[in-house]
Amino acid sequence: IPQGRLTGLAGPSGAGKSFIAANIMREAQKDGFHIVVLDSENALDDDFVGKSGVDTEKDYKYFPVVTNDQVEKIISSVVKGYKDEYGTDHDAPKLLIVLDSLDMLLTEKESDDMQKGIQKGDQGQRNKQNKAMLRKCVHQITGLNIAIAMTCQVYENQDVMNGEGRWIISGAVKFSLSQIALLTKLKLKNTGEREVQGIRMKVHG
């Protein structure tokens, strides 16, 4: 996961994106990173990441989030505090920010509508806000010992002639992220009568 850049863990539902995100957090902690978690899915709770080996008691901050605006404000606040304390010192502590997930975030209008009991999507506006937010993130962390990793959904391609492959990643994600790992779920192979448990996946760079 490169510092000063954005990394995406993309894949369909159930592919293991949150699982990989938790494993990245564990390994980052081993390498001395401070961890900030922004959770819009209630997936990276202390119990889940703890079972993956993440220490939630040391250099670890957890923020439940609902909207793009919340994510933008938290990241801006964290980066500002980091710059105020360390400037652009190359020996500054390493920081990993994990967002799970980009696609579950709501626009402010969607959030307001939901509180009013109005069920109305705003996919176009959400994509625009995601793109704007990610662009700001890129500029804020460039040259710093800060890495951002996020999970995001993909959609099955309905037109195999368009050159996208089987899965389509949103333009907002492709525009701003330096690298994207595409995760797809594979079937577990049972041996005889023994049921095999776990996650089996394929990752495309």
Q. Yes or no on side chain to side chain contact (heavy atoms under 4.5 Å, CB included) for Asn130 and Leu102, after CA distance, side-chain angles and deciding distance?
A. CA-CA 8 Å; Asn130 282 345; Leu102 181 67; 3.7 Å; yes
Q | Side-chain (Lys17) to main-chain (Gly11) donor-acceptor, under 3.5 angstrom | A | yes
**Q.** Sole candidate of Leu44, Val78, Leu99, Ile148 that passes side chain to side chain contact (heavy atoms under 4.5 Å, CB included) when paired with Leu38
**A.** Leu99
(Q) Quick one, Val37 and Tyr60 - any side-chain contact, counting heavy atoms below 4.5 Å? (A) yes
Q. Are side-chain heavy atoms of Leu6 and Ile141 found at a separation under 4.5 Å?
A. yes
Q) Between Pro12 and Leu183, which heavy-atom pair has the shortest distance, and what is it? A) CD-O, 3.2 Å
Q.
Would the distance check show the side chain of Asn157 and the main-chain N or O of Gly165 forming a donor-acceptor pair, the cut-off being under 3.5 Å?
A. yes
Q. Taking Asn145 for the side chain and His90 for the main chain, is one N or O donor matched with an acceptor at less than 3.5 Å?
A. yes
**Q.** Under 3.5 Å donor-acceptor, Thr142 side chain and Val138 backbone
**A.** yes
Q. Quick one: does Asp39's side chain get under 4.5 Å of Tyr62's, heavy atoms only?
A. yes
Q: Could you tell me whether a side-chain N or O of Lys94 sits under 3.5 Å from a main-chain N or O of Asp31, the two making a donor and an acceptor?
A: yes
**Q.** Glu156, CD: over 12 other non-hydrogen atoms inside 6.0 angstrom
**A.** yes
Q) Do Val98 and Ile24 touch side chain to side chain, with heavy atoms closer than 4.5 Å? A) no
Q: For the residue pair Asp100 and Thr151, confirm or rule out a side-chain donor-acceptor distance under 3.5 Å.
A: yes
Q: Measure the shortest side-chain to side-chain distance between Ile146 and Gln140 over non-hydrogen atoms and say whether it is less than 4.5 angstrom.
A: no
Q | Ser40 side-chain N/O to Ser101 backbone N/O, donor-acceptor pair under 3.5 Å | A | yes
